[in-house]
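All chains are named by letter (A, B, ...) in the order of the sequence lines, taking the proteins before the strands, and each is independently numbered beginning at 1. Everything numeric here is computed off the predicted structure, so don't read it as measured data.
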Amino acid sequence: MLDMKYIRQQPDEARRRLQARGESAERIDELLALDERRRALVTEEETLKAQRNAASKEIGALMKAGKQADAEARKNEVREMGERIAQLEQQTRDADAAFDDALLHLPNLAHSSVPEGKDAADNPEIKTHGAKVEFGFKPKTHLELCDELKLVDFERGTKLAGSGFLLYTGWGARLERALIQYLLDLHVLEHGYTEVSPPFMVNAECMVGVGQFPKFLNQAYAVQEGLDTTTLGKRYLVPTAEAPVANMHREEILRQDELPKNYCAYSPCFRAEAGAAGLQTRGMIRVHQFDKVELIKIALPQDGYAELEKMRANAERPLQELGLHYRVVLLCTGDMGFAAAKTYDIEVWAPGQGSYLEVSSVSNTEDFQARRMRLRYKTTDGANHLPHILNGSGVALARLFVSLIETHQQADGSIAIPAPLQPYLRTDCIRR
RNA sequence: GGAGAGGUGGCCGAGUGGUUGAAGGCACAGGUUUGCUAAACCUGCGUAGGGGUUAAACCCUACCGGGGGUUCGAAUCCCCCUCUCUCCGCCA
């Protein structure tokens, strides 16, 4: 959620920055109009309330003094005032709702270091690590490897839950589990994050807090208890651990010396991908459920961008250790997610696909999410401020799995396991 | 699912219709005393919105889980909802 004071004070700048994100600048003017209407109603309502409060106090004094007749006369006056106030209250409520709805639908504005651009084609590549693997043989795709080594049973995954759901089997299941454990250990033991294991469902408030709702409600899986339709929408399967973890301190006031908070969490991620084009019935690139280890930071505003760089380095680390080739791109204004002010995407090379796969998105949302969830911190002199909230995948698993097996496949069809993973998998090679 | 208890400021905890935004305590900030630390004492200290100011000061409104109602006036009375806790049942 954007700062309305900023929009009121710098409307031209807000218009320009919103436009850079591919949104219509008119939305600022709509918002300003709604804000003005809202404030006019509030002012009128509060003036009347002040009069009523004063009159009520007088009535109390009159009654105490025994002047019943005078008190009754005043009561009649005030009663009429009450009717007008009730009308205004209703109008204010409606105006507030319209204003809030408009504000909640506006995306975050980009940080000044973010390049302007229209879409992914305008994202500058800022770094590459390693090089595309060369094979002395024709490399297989992850689909072939999964079939031959029986790592994933795509048909049965579909049988169990429908297309876009995976059934890992044998070494595939063990590899998935090993990767989760490896990633958690890396971030917790070596990068100093505090591990949390959150609920895999959250309420709607959490979804609003991180910016998933109201705009992307159709992307979520809404849960219902049995056939009781009144419970539909009370909870949603998490699209990412960011939803529960970033909201851990929602509506709290943290002490400045508690920051930064660094959290790391594993969760499965559920995404309906409504309307997404090209959802493959086979393959692991785009699915409705995948595993992910997520990093979350709550930081002082002045530290937000330094923490973003740290987090990006933390997210890159496992790719380096696993011997994977990847690149980092800086998302341009037109390609960023709704809540982000600045985002790095980390894309890992998948030789069988002949393309880079996004395995991590590392963002600073600045105070956008904090304002939505009313999360603040108190400085030592007692002032409340909004912290920066950062999130980053560290990393997404299904695609990491693809890159890993495609990269480390060998001529005989087996897969070499990189050293850091061997203790978790208790083997150095997966073969039939 | 059944029965009961309860949601008050950063925390604990008083408060059953009229200067109660809310006693008291803790925590926190500033100060005094003091070899240091500690202790004691004094002072300050909720959140949000609107108005106001160069900025403050200041003024107003709302908020005691949420929403309605009664009333001139509600933390306080009534109704609904919600969440938490305890016991029972069921269950991984």
Student: Are F270(A) and M201(A) side-chain neighbours, meaning at least one heavy-atom pair lies under 4.5 Å?
Tutor: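 Not in contact.
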
Student: Report yes if a side-chain nitrogen or oxygen of N53(A) is closer than 4.0 Å to either non-bridging phosphate oxygen (OP1 or OP2) of U61(B); otherwise report no.
Tutor: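 Yes, N53(A) has a side-chain N/O under 4.0 Å of OP1/OP2 on U61(B).
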
Student: Which distance, rounded to the nearest 0.5 Å, do you find between the OG1 of T343(A) and the CG of N108(A)?
Tutor: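 It comes to 9.5 Å.
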
Student: For the C1' atoms, the ones on G6(B) and on G31(B), what distance do you get once it is rounded to whole angstrom?
Tutor: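 41 Å, rounded to whole Å.
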
Student: Roughly, in whole Å, what's the span from CG in D257(A) to P in A29(B)?
Tutor: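 My rounded result for the distance is 9 Å.
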
Student: Should U86(B) form a Watson-Crick or G-U wobble pair with both distances under 3.5 Å, which nucleotide is its partner?
Tutor: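 Per the H-bond distance test, A3(B).
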
Student: Using whole Å, report how far CD of E89(A) lies from C1' of C63(B).
Tutor: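 E89(A) atom CD is separated from C63(B) atom C1' by 13 Å.
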
Student: What nucleic acid atoms does R8(A) come within less than 4.0 Å of, heavy atoms only: base, sugar-phosphate, or nothing?
Tutor: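 Sugar-phosphate only.
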
Student: Distance between the P atoms of C78(B) and C83(B), in whole angstroms?
Tutor: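 Straight-line distance between the two P atoms is 22 Å.
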
Student: OP1 or OP2 of A48(B) versus the side-chain N and O atoms of R374(A): is any pair under 4.0 Å?
Tutor: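 Looking at the OP1 and OP2 atoms of A48(B), neither is under 4.0 Å from any side-chain N or O of R374(A).
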
Student: Mind checking the P distance from U8(B) to G67(B)? Whole angstroms is fine.
Tutor: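 Going atom to atom, P in each nucleotide, I get 16 Å.
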
Student: Provide, to the nearest angstrom, the distance between the CD atom belonging to Q90(A) and the P atom belonging to G67(B).
Tutor: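 Spelled out: CD on Q90(A) to P on G67(B) is 13 Å.
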
Student: With a cut-off of less than 4.0 Å, is there a side-chain N or O of R376(A) near OP1 or OP2 of A48(B)?
Tutor: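 The answer is yes; a side-chain N or O of R376(A) sits under 4.0 Å from OP1 or OP2.
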
Student: Output all residues satisfying ring pair (Phe, Tyr, Trp, His ring centres under 6.0 Å) with F338(A), sequence neighbours left out; order by chain, then residue number.
Tutor: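 Applying ring pair (Phe, Tyr, Trp, His ring centres under 6.0 Å) to F338(A) gives F216(A), F368(A).
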
Student: Do the side chain of H385(A) and the main chain of L300(A) share a donor and acceptor less than 3.5 angstrom apart?
Tutor: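 A pair under 3.5 Å: no.
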
Student: So which protein nitrogen or oxygen atoms get under 3.5 Å of nucleotides 18-21 of chain B's nitrogens or oxygens?
Tutor:
| from | atom 1 | to | atom 2 | distance (Å) |
| --- | --- | --- | --- | --- |
| G18(B) | N2 | S56(A) | O | 3.0 |

Student: Taking any heavy-atom pair under 4.0 Å as a contact, classify R74(A): base, sugar-phosphate, or nothing.
Tutor: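 Here R74(A) touches no strand at all.
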
Student: Any side-chain N or O of R52(A) below 4.0 angstrom from OP1/OP2 of C60(B)?
Tutor: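 For C60(B), OP1/OP2 do not have a side-chain N/O of R52(A) under 4.0 Å.
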
Student: Using only modelled atom types and a 3.5 angstrom limit, is any donor from either the side chain of E45(A) or the base of G50(B) paired with an acceptor on the other?
Tutor: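 Side chain to base: no pair below 3.5 Å.
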
Student: Less than 4.0 angstrom between a side-chain N/O of K378(A) and OP1 or OP2 of U47(B), yes or no?
Tutor: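 The answer is yes; a side-chain N or O of K378(A) sits under 4.0 Å from OP1 or OP2.
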
Student: What class does the angle between the rings of Y193(A) and H191(A) fall in, given that below 30° is parallel, 30 to 60° is tilted and above 60° is perpendicular?
Tutor: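 The arrangement is perpendicular - the two ring planes meet at more than 60°.
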
Student: Given atom CG of L386(A) and atom P of A48(B), what is their separation to the nearest angstrom?
Tutor: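 Distance, rounded to whole Å: 9 Å.
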
Student: Working to the nearest 0.5 angstrom, can you tell me the gap between F213(A) CZ and Q219(A) CD?
Tutor: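 The CZ atom of F213(A) sits 10.0 Å away from the CD atom of Q219(A).
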
Student: Determine the interatomic distance between C1' on C36(B) and the same-named atom on G49(B); round to the nearest Å.
Tutor: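 Per the computed distance, 49 Å lies between those C1' atoms.
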
Student: May I have the distance from R38(A) (atom CZ) to U61(B) (atom P), rounded to whole angstrom?
Tutor: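 One finds 18 Å between P of U61(B) and CZ of R38(A), rounded.
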
Student: For A14(B) and A92(B), measure between their C1' atoms and round to the nearest Å.
Tutor: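 Pairwise C1' distance, A14(B) against A92(B), rounds to 43 Å.
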
Student: Looking only at atom P, what distance separates A57(B) and A5(B), rounded to whole Å?
Tutor: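 Those two atoms are separated by 47 Å.
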
Student: In whole Å, I'd like the distance from the CG atom of D3(A) to the C1' atom of G49(B).
Tutor: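 The answer, rounded to whole Å, is 14 Å.
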
Student: Can you find a heavy atom in the side chain of L295(A) that is under 4.5 Å from one in the side chain of Y263(A)?
Tutor: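 The answer is no, as the side chains (C-beta and beyond) never meet within the 4.5 Å cut-off.
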
Student: I'd like to check the side chain to side chain contact (heavy atoms under 4.5 Å, CB included) partners of D70(A); sequence neighbours left out, ordered by chain and number.
Tutor: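 Result, side chain to side chain contact (heavy atoms under 4.5 Å, CB included) vs D70(A): L62(A), K67(A).
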
Student: Using whole Å, what does the distance between atom P of nucleotide G65(B) and atom CZ of R250(A) come to?
Tutor: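 Nearest whole value for this atom pair: 18 Å.
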
Student: Taking the side chain of R79(A) as heavy atoms from C-beta outward, which of C72(B), A62(B), U47(B) is closest to it?
Tutor: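 Side chain of R79(A) sits closest to C72(B).
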
Student: For A75(B) versus G66(B), give the span between their P atoms, rounded off to a whole number of Å.
Tutor: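 It comes out at 12 Å once rounded to the nearest Å.
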
Student: In whole angstrom, give me the gap between the P atoms of G2(B) and G9(B).
Tutor: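 Approximately 30 Å lies between the P atom of G2(B) and that of G9(B).
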
Student: Quickly, which of E205(A), E252(A), E251(A) forms a salt bridge (Lys or Arg N to Asp or Glu O under 4.0 Å) with R374(A)? Name it, please.
Tutor: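 Running salt bridge (Lys or Arg N to Asp or Glu O under 4.0 Å) over E205(A), E252(A), E251(A) with R374(A) returns exactly one hit, E251(A).
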
